[in-house]
Protein chains: 2
Amino acid sequence: MKFSTRTTYGLRAMIYLSKYWQKEKISIASIAKAEGISSKYLERLFAKLKKEDLIVAEKGSSGGYALARDPKEVTVFDIVKSLEGKMSPFHCVDESGKVYCGKNCKCGATLVLVKVQKAINDTLKGIKLKDISK
Amino acid sequence: MKFSTRTTYGLRAMIYLSKYWQKEKISIASIAKAEGISSKYLERLFAKLKKEDLIVAEKGSSGGYALARDPKEVTVFDIVKSLEGKMSPFHCVDESGKVYCGKNCKCGATLVLVKVQKAINDTLKGIKLKDISK
DNA sequence: ACTATATCCTACTAATTTAGTTGGTATTTT
DNA sequence: AAAATACCAACTAAATTAGTAGGATATAGT
(Lines give C-alpha, C1' and ligand atoms only; values in the text may rest on other atoms or scores of the structure.)
Protein backbone atom coordinates (compact mmCIF):
# COMPACT_ATOMS: atom_id res chain seq x y z
CA MET A 1 0.00 0.00 0.00
CA LYS A 2 1.33 3.38 -1.00
CA PHE A 3 -0.09 6.87 -0.97
CA SER A 4 0.34 8.37 -4.40
CA THR A 5 2.86 11.07 -5.11
CA ARG A 6 -0.08 13.32 -5.92
CA THR A 7 -0.54 13.93 -2.22
CA THR A 8 3.06 14.88 -1.66
CA TYR A 9 3.27 16.99 -4.81
CA GLY A 10 0.06 18.77 -3.95
CA LEU A 11 1.11 19.48 -0.39
CA ARG A 12 4.45 20.80 -1.51
CA ALA A 13 2.82 23.08 -4.04
CA MET A 14 0.33 24.37 -1.49
CA ILE A 15 3.11 25.02 0.99
CA TYR A 16 4.90 26.93 -1.74
CA LEU A 17 1.83 29.02 -2.46
CA SER A 18 1.27 29.75 1.20
CA LYS A 19 4.61 31.54 1.33
CA TYR A 20 3.16 34.08 -1.08
CA TRP A 21 -0.24 34.33 0.59
CA GLN A 22 -1.59 37.82 0.01
CA LYS A 23 1.56 38.77 -1.82
CA GLU A 24 2.06 37.42 -5.33
CA LYS A 25 0.46 35.17 -7.87
CA ILE A 26 2.71 32.27 -8.79
CA SER A 27 2.82 30.38 -12.07
CA ILE A 28 2.77 26.62 -12.31
CA ALA A 29 6.02 26.75 -14.23
CA SER A 30 7.88 28.36 -11.35
CA ILE A 31 6.49 25.98 -8.73
CA ALA A 32 7.23 22.98 -10.89
CA LYS A 33 10.76 24.13 -11.42
CA ALA A 34 11.38 24.96 -7.78
CA GLU A 35 9.93 21.68 -6.56
CA GLY A 36 11.22 19.44 -9.33
CA ILE A 37 7.77 18.29 -10.44
CA SER A 38 6.54 17.87 -14.00
CA SER A 39 4.69 21.08 -14.76
CA LYS A 40 2.14 19.37 -16.96
CA TYR A 41 1.36 16.93 -14.20
CA LEU A 42 1.15 19.67 -11.62
CA GLU A 43 -1.25 21.47 -13.92
CA ARG A 44 -3.66 18.62 -13.58
CA LEU A 45 -3.34 18.49 -9.83
CA PHE A 46 -4.06 22.20 -9.68
CA ALA A 47 -7.25 21.66 -11.63
CA LYS A 48 -8.48 19.52 -8.74
CA LEU A 49 -7.39 21.98 -6.10
CA LYS A 50 -9.11 24.76 -7.96
CA LYS A 51 -12.30 22.78 -8.37
CA GLU A 52 -12.44 22.45 -4.59
CA ASP A 53 -11.83 26.17 -4.18
CA LEU A 54 -8.52 25.77 -2.45
CA ILE A 55 -6.74 27.96 -4.95
CA VAL A 56 -7.71 30.74 -7.33
CA ALA A 57 -6.27 31.37 -10.75
CA GLU A 58 -5.76 34.29 -13.04
CA LYS A 59 -5.22 33.70 -16.70
CA GLY A 60 -3.01 35.51 -19.11
CA SER A 61 0.43 36.93 -19.01
CA SER A 62 1.44 37.76 -15.46
CA GLY A 63 -1.34 35.48 -14.31
CA GLY A 64 -0.86 32.60 -11.89
CA TYR A 65 -2.23 30.90 -8.84
CA ALA A 66 -2.79 31.91 -5.26
CA LEU A 67 -4.34 30.33 -2.21
CA ALA A 68 -8.05 30.96 -1.99
CA ARG A 69 -8.12 30.95 1.78
CA ASP A 70 -5.91 31.80 4.70
CA PRO A 71 -3.43 28.97 5.36
CA LYS A 72 -4.46 29.14 9.01
CA GLU A 73 -7.89 27.91 8.02
CA VAL A 74 -7.09 25.26 5.44
CA THR A 75 -6.54 21.75 6.78
CA VAL A 76 -4.30 19.20 5.22
CA PHE A 77 -7.37 16.99 5.02
CA ASP A 78 -9.00 19.45 2.62
CA ILE A 79 -5.97 19.32 0.38
CA VAL A 80 -5.46 15.57 0.41
CA LYS A 81 -9.13 14.93 -0.13
CA SER A 82 -9.31 17.15 -3.15
CA LEU A 83 -6.32 15.41 -4.67
CA GLU A 84 -7.13 11.82 -3.81
CA GLY A 85 -10.85 11.98 -4.33
CA LYS A 86 -12.91 10.20 -1.68
CA MET A 87 -11.10 9.54 1.55
CA SER A 88 -12.27 5.96 1.79
CA PRO A 89 -9.13 3.90 1.56
CA PHE A 90 -10.94 0.57 1.79
CA HIS A 91 -13.31 -1.12 -0.57
CA CYS A 92 -15.69 -2.10 2.22
CA VAL A 93 -16.00 1.24 4.00
CA ASP A 94 -17.40 4.46 2.62
CA GLU A 95 -16.35 7.95 3.49
CA SER A 96 -18.74 8.28 6.38
CA GLY A 97 -17.34 5.13 7.96
CA LYS A 98 -20.31 3.01 6.92
CA VAL A 99 -19.59 -0.60 5.99
CA TYR A 100 -21.25 -1.89 2.88
CA CYS A 101 -19.26 -4.83 1.56
CA GLY A 102 -21.39 -7.50 0.01
CA LYS A 103 -20.20 -10.70 1.58
CA ASN A 104 -19.90 -10.44 5.30
CA CYS A 105 -20.56 -6.95 6.57
CA LYS A 106 -20.21 -7.71 10.23
CA CYS A 107 -16.76 -9.26 9.96
CA GLY A 108 -14.11 -8.17 12.42
CA ALA A 109 -11.85 -6.99 9.62
CA THR A 110 -14.05 -3.99 8.98
CA LEU A 111 -13.58 -2.84 12.57
CA VAL A 112 -9.92 -2.44 11.75
CA LEU A 113 -10.58 -0.63 8.50
CA VAL A 114 -12.94 1.84 10.11
CA LYS A 115 -10.44 2.62 12.86
CA VAL A 116 -7.56 3.10 10.46
CA GLN A 117 -9.64 5.32 8.23
CA LYS A 118 -10.63 7.43 11.19
CA ALA A 119 -7.05 7.66 12.42
CA ILE A 120 -5.86 8.91 9.04
CA ASN A 121 -8.62 11.45 8.68
CA ASP A 122 -8.32 12.75 12.22
CA THR A 123 -4.61 13.21 11.75
CA LEU A 124 -5.08 15.10 8.49
CA LYS A 125 -7.83 17.25 9.95
CA GLY A 126 -5.62 18.16 12.89
CA ILE A 127 -2.96 19.80 10.72
CA LYS A 128 -3.42 23.23 9.18
CA LEU A 129 -1.58 24.31 6.08
CA LYS A 130 -0.05 27.08 8.15
CA ASP A 131 1.46 24.52 10.53
CA ILE A 132 3.61 23.01 7.83
CA SER A 133 4.63 26.13 5.91
CA LYS A 134 7.34 27.88 7.75
CA MET B 1 -5.48 6.00 -2.43
CA LYS B 2 -6.78 2.59 -1.57
CA PHE B 3 -5.60 -0.17 0.68
CA SER B 4 -5.46 -3.37 -1.30
CA THR B 5 -7.94 -6.18 -0.80
CA ARG B 6 -5.03 -8.30 0.35
CA THR B 7 -5.28 -6.71 3.76
CA THR B 8 -8.96 -7.40 4.08
CA TYR B 9 -8.70 -10.91 2.68
CA GLY B 10 -5.80 -11.72 4.96
CA LEU B 11 -7.52 -10.36 8.04
CA ARG B 12 -10.67 -12.29 7.29
CA ALA B 13 -8.71 -15.48 6.81
CA MET B 14 -6.81 -14.95 10.05
CA ILE B 15 -10.04 -14.28 11.91
CA TYR B 16 -11.39 -17.48 10.44
CA LEU B 17 -8.35 -19.45 11.61
CA SER B 18 -8.53 -17.94 15.07
CA LYS B 19 -11.91 -19.56 15.57
CA TYR B 20 -10.18 -22.92 15.33
CA TRP B 21 -7.18 -22.00 17.42
CA GLN B 22 -5.93 -25.11 19.18
CA LYS B 23 -8.72 -27.11 17.66
CA GLU B 24 -8.47 -27.99 13.96
CA LYS B 25 -6.30 -27.45 10.96
CA ILE B 26 -8.18 -25.73 8.17
CA SER B 27 -7.59 -26.03 4.45
CA ILE B 28 -7.30 -23.07 2.15
CA ALA B 29 -10.14 -24.45 0.08
CA SER B 30 -12.57 -24.26 2.96
CA ILE B 31 -11.57 -20.74 4.00
CA ALA B 32 -11.72 -19.52 0.42
CA LYS B 33 -15.17 -21.01 0.00
CA ALA B 34 -16.51 -19.67 3.29
CA GLU B 35 -15.12 -16.19 2.69
CA GLY B 36 -15.76 -15.99 -1.04
CA ILE B 37 -12.11 -15.45 -1.95
CA SER B 38 -10.22 -17.02 -4.85
CA SER B 39 -8.44 -19.99 -3.29
CA LYS B 40 -5.42 -19.65 -5.53
CA TYR B 41 -5.04 -16.03 -4.55
CA LEU B 42 -5.47 -16.83 -0.89
CA GLU B 43 -2.76 -19.45 -1.30
CA ARG B 44 -0.32 -16.74 -2.18
CA LEU B 45 -1.35 -14.56 0.71
CA PHE B 46 -0.86 -17.49 3.04
CA ALA B 47 2.67 -17.93 1.75
CA LYS B 48 3.42 -14.46 3.11
CA LEU B 49 1.74 -15.08 6.43
CA LYS B 50 3.64 -18.31 6.80
CA LYS B 51 6.94 -16.72 5.96
CA GLU B 52 6.40 -14.32 8.83
CA ASP B 53 5.53 -17.20 11.14
CA LEU B 54 1.97 -16.10 11.70
CA ILE B 55 0.57 -19.44 10.59
CA VAL B 56 1.84 -22.98 10.43
CA ALA B 57 1.03 -25.52 7.74
CA GLU B 58 0.82 -29.24 7.46
CA LYS B 59 1.01 -30.85 4.09
CA GLY B 60 -0.80 -33.88 2.78
CA SER B 61 -4.31 -35.13 2.97
CA SER B 62 -5.98 -33.89 6.13
CA GLY B 63 -3.33 -31.21 6.30
CA GLY B 64 -4.10 -27.53 6.52
CA TYR B 65 -3.26 -24.30 8.26
CA ALA B 66 -3.44 -23.09 11.83
CA LEU B 67 -2.40 -19.98 13.69
CA ALA B 68 1.17 -20.15 14.89
CA ARG B 69 0.51 -18.00 17.95
CA ASP B 70 -2.25 -17.21 20.36
CA PRO B 71 -4.66 -14.66 18.83
CA LYS B 72 -4.36 -12.70 22.07
CA GLU B 73 -0.75 -12.02 21.22
CA VAL B 74 -0.90 -11.34 17.52
CA THR B 75 -1.48 -7.74 16.52
CA VAL B 76 -3.26 -6.64 13.40
CA PHE B 77 -0.09 -4.74 12.57
CA ASP B 78 1.82 -8.02 12.33
CA ILE B 79 -0.73 -9.35 9.87
CA VAL B 80 -1.03 -6.28 7.70
CA LYS B 81 2.70 -5.82 7.60
CA SER B 82 3.33 -9.34 6.43
CA LEU B 83 0.76 -8.94 3.67
CA GLU B 84 1.61 -5.44 2.51
CA GLY B 85 5.34 -5.67 2.85
CA LYS B 86 6.91 -2.59 4.37
CA MET B 87 4.59 -0.32 6.27
CA SER B 88 5.88 2.84 4.67
CA PRO B 89 2.97 4.22 2.72
CA PHE B 90 4.89 7.19 1.37
CA HIS B 91 7.77 7.39 -1.02
CA CYS B 92 9.66 9.88 1.12
CA VAL B 93 9.44 8.14 4.48
CA ASP B 94 10.88 4.79 5.44
CA GLU B 95 9.47 2.33 7.91
CA SER B 96 11.26 3.81 10.87
CA GLY B 97 9.78 7.24 10.11
CA LYS B 98 13.02 8.56 8.64
CA VAL B 99 12.71 10.95 5.73
CA TYR B 100 14.99 10.32 2.80
CA CYS B 101 13.46 11.92 -0.27
CA GLY B 102 16.03 13.33 -2.64
CA LYS B 103 14.75 16.80 -3.39
CA ASN B 104 13.76 18.68 -0.32
CA CYS B 105 13.98 16.57 2.78
CA LYS B 106 12.99 19.23 5.23
CA CYS B 107 9.77 20.18 3.49
CA GLY B 108 6.63 20.48 5.57
CA ALA B 109 4.85 17.82 3.58
CA THR B 110 6.94 15.11 5.16
CA LEU B 111 5.74 16.19 8.60
CA VAL B 112 2.28 15.18 7.48
CA LEU B 113 3.42 11.90 6.02
CA VAL B 114 5.29 10.91 9.15
CA LYS B 115 2.29 11.68 11.34
CA VAL B 116 -0.12 9.77 9.13
CA GLN B 117 2.19 6.79 8.98
CA LYS B 118 2.49 6.79 12.75
CA ALA B 119 -1.26 7.09 13.19
CA ILE B 120 -1.87 4.08 10.96
CA ASN B 121 0.76 1.95 12.62
CA ASP B 122 -0.27 2.86 16.14
CA THR B 123 -3.85 1.99 15.33
CA LEU B 124 -2.88 -1.37 13.88
CA LYS B 125 -0.57 -2.15 16.78
CA GLY B 126 -3.34 -1.39 19.22
CA ILE B 127 -5.63 -4.12 17.93
CA LYS B 128 -5.08 -7.79 18.71
CA LEU B 129 -6.36 -10.54 16.46
CA LYS B 130 -8.40 -11.76 19.41
CA ASP B 131 -10.18 -8.39 19.60
CA ILE B 132 -11.70 -8.80 16.17
CA SER B 133 -12.48 -12.52 16.18
CA LYS B 134 -15.62 -13.08 18.15
C1' DA C 1 -2.91 44.49 -33.23
C1' DC C 2 0.89 41.46 -31.99
C1' DT C 3 3.44 38.67 -28.97
C1' DA C 4 4.66 36.39 -24.92
C1' DT C 5 3.01 34.15 -21.02
C1' DA C 6 -0.25 32.22 -18.55
C1' DT C 7 -4.35 29.00 -17.45
C1' DC C 8 -7.34 25.53 -19.18
C1' DC C 9 -8.76 21.24 -21.62
C1' DT C 10 -8.74 16.54 -23.74
C1' DA C 11 -6.77 12.61 -25.17
C1' DC C 12 -3.05 9.55 -25.30
C1' DT C 13 0.99 6.60 -23.39
C1' DA C 14 3.98 4.31 -20.15
C1' DA C 15 4.91 2.27 -15.86
C1' DT C 16 3.53 0.11 -11.82
C1' DT C 17 0.67 -2.42 -8.83
C1' DT C 18 -3.04 -5.46 -7.84
C1' DA C 19 -5.78 -9.38 -8.58
C1' DG C 20 -6.29 -13.54 -10.37
C1' DT C 21 -5.07 -17.80 -13.35
C1' DT C 22 -2.57 -21.75 -15.10
C1' DG C 23 -0.22 -25.65 -14.50
C1' DG C 24 2.16 -27.95 -12.23
C1' DT C 25 5.35 -30.55 -7.89
C1' DA C 26 5.82 -32.49 -3.23
C1' DT C 27 3.87 -34.55 0.77
C1' DT C 28 0.85 -37.16 3.68
C1' DT C 29 -3.34 -39.81 4.95
C1' DT C 30 -6.54 -43.21 3.85
C1' DA D 1 -2.56 -46.38 -5.47
C1' DA D 2 -5.64 -42.50 -4.88
C1' DA D 3 -7.12 -38.38 -2.94
C1' DA D 4 -6.32 -34.29 -0.71
C1' DT D 5 -3.49 -31.06 0.70
C1' DA D 6 0.44 -27.49 0.78
C1' DC D 7 3.85 -25.43 -2.14
C1' DC D 8 5.85 -23.01 -6.21
C1' DA D 9 6.70 -20.18 -10.51
C1' DA D 10 5.25 -18.04 -14.41
C1' DC D 11 1.78 -15.84 -16.86
C1' DT D 12 -2.43 -12.62 -17.76
C1' DA D 13 -5.84 -9.09 -16.96
C1' DA D 14 -7.43 -5.05 -14.90
C1' DA D 15 -6.86 -0.90 -12.58
C1' DT D 16 -4.36 2.97 -11.08
C1' DT D 17 -0.78 6.25 -11.26
C1' DA D 18 2.41 9.19 -13.51
C1' DG D 19 3.52 11.66 -17.19
C1' DT D 20 3.17 13.54 -22.22
C1' DA D 21 1.35 15.83 -26.39
C1' DG D 22 -0.95 19.22 -28.50
C1' DG D 23 -3.52 22.34 -28.43
C1' DA D 24 -7.48 26.40 -27.16
C1' DT D 25 -8.36 30.50 -24.43
C1' DA D 26 -7.31 34.66 -21.91
C1' DT D 27 -4.52 38.70 -20.46
C1' DA D 28 -0.66 42.15 -20.04
C1' DG D 29 2.69 44.73 -22.08
C1' DT D 30 4.66 46.64 -26.17
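Chain letters run A, B, ... following the sequence lines, proteins first, then strands; residues in each count from 1.
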So does [X] get a side-chain nitrogen or oxygen closer than 4.0 Å to the phosphate oxygens (OP1/OP2) of [N]?
{"X": "Lys50(B)", "N": "dA6(D)", "value": "no"}
{"X": "Tyr9(A)", "N": "dT17(D)", "value": "no"}
{"X": "Ser4(A)", "N": "dA18(D)", "value": "yes"}

Restricting to side chain to side chain donor-acceptor pair (under 3.5 Å), what partner residues turn up for [X], sequence neighbours left out?
{"X": "Ser38(A)", "answer": "none"}
{"X": "Ser39(A)", "answer": "none"}
{"X": "Ser27(A)", "answer": "Ser30(A)"}

Which atom names give the shortest non-hydrogen contact between Asp131(B) and Gly126(B), and what distance separates them?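 Of all heavy-atom pairs spanning Asp131(B) and Gly126(B), the closest is OD2-O, 4.3 Å.
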
Please give, in whole Å, the distance from [N] [atom2] to [X] [atom1]?
{"X": "Ile28(A)", "N": "dA26(D)", "atom1": "CD1", "atom2": "C1'", "value": "15 Å"}
{"X": "Glu35(A)", "N": "dA18(D)", "atom1": "CD", "atom2": "C1'", "value": "18 Å"}
{"X": "Ile37(B)", "N": "dG20(C)", "atom1": "CD1", "atom2": "P", "value": "9 Å"}
{"X": "Leu83(B)", "N": "dA19(C)", "atom1": "CG", "atom2": "P", "value": "11 Å"}
{"X": "Lys48(A)", "N": "dT16(D)", "atom1": "NZ", "atom2": "P", "value": "12 Å"}

Can I get a per-line list of side-chain donor-acceptor pairs under 3.5 Å for residues 14-23 of chain A, giving both atom names and the distance, sequence neighbours left out?
{"residue": "Ser18(A)", "atom": "OG", "partner": "Ile15(A)", "partner atom": "O", "Å": "2.7"}
{"residue": "Ser18(A)", "atom": "OG", "partner": "Ser133(A)", "partner atom": "OG", "Å": "3.0"}

What residues in residues 38-47 of chain B put a non-hydrogen atom under 4.0 Å from any atom of DNA chain C?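 The stretch gives Ser38(B), Lys40(B), Tyr41(B), Arg44(B) as the residues lying under 4.0 Å from the strand, ordered by number.
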
Give, ordered by number, those residues of residues 20-27 of chain B having at least one heavy-atom distance below 4.0 Å to an atom of DNA chain C; if nothing qualifies, reply none.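 Output list: empty, so none.
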
How long is the straight-line distance from CD1 of Ile79(A) back to CD1 of Ile132(A), given to the nearest 0.5 Å?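 One gets 6.0 Å once the value is rounded to the nearest 0.5 Å.
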
Rounded distance (nearest 0.5 Å) linking atom OG1 of Thr75(B) with atom NZ of Lys81(B):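 Nearest 0.5 Å value for the OG1-NZ distance: 10.0 Å.
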
What are the residues of residues 51-63 of chain A, sorted by number, that bring a heavy atom to within less than 4.0 Å of DNA chain D?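 Hits under 4.0 Å, by residue number: Lys59(A), Gly60(A), Ser61(A), Ser62(A).
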
Please name the residue in the list Leu113(A), Ile120(A), Asn121(A) that meets the side-chain contact (heavy atoms from CB on, under 4.5 Å) test with Gln117(A).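 Exactly one pass, corresponding to Asn121(A).
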
Solution key, residues 58-74 of chain A side-chain donor-acceptor pairs under 3.5 Å, sequence neighbours excluded:
{"residue": "Glu58(A)", "atom": "OE2", "partner": "Lys25(A)", "partner atom": "NZ", "Å": "2.8"}
{"residue": "Asp70(A)", "atom": "OD1", "partner": "Lys72(A)", "partner atom": "N", "Å": "2.8"}

Listing, residues 42-54 of chain B side-chain donor-acceptor contacts under 3.5 Å, not counting sequence neighbours, or none:
{"residue": "Lys48(B)", "atom": "NZ", "partner": "Leu83(B)", "partner atom": "O", "Å": "3.4"}

Pairs meeting criterion salt bridge (Lys or Arg N to Asp or Glu O under 4.0 Å) with involvement of residues 121-130 of chain B, two or more places apart: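 Listed by first then second residue: Lys118(B)-Asp122(B).
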
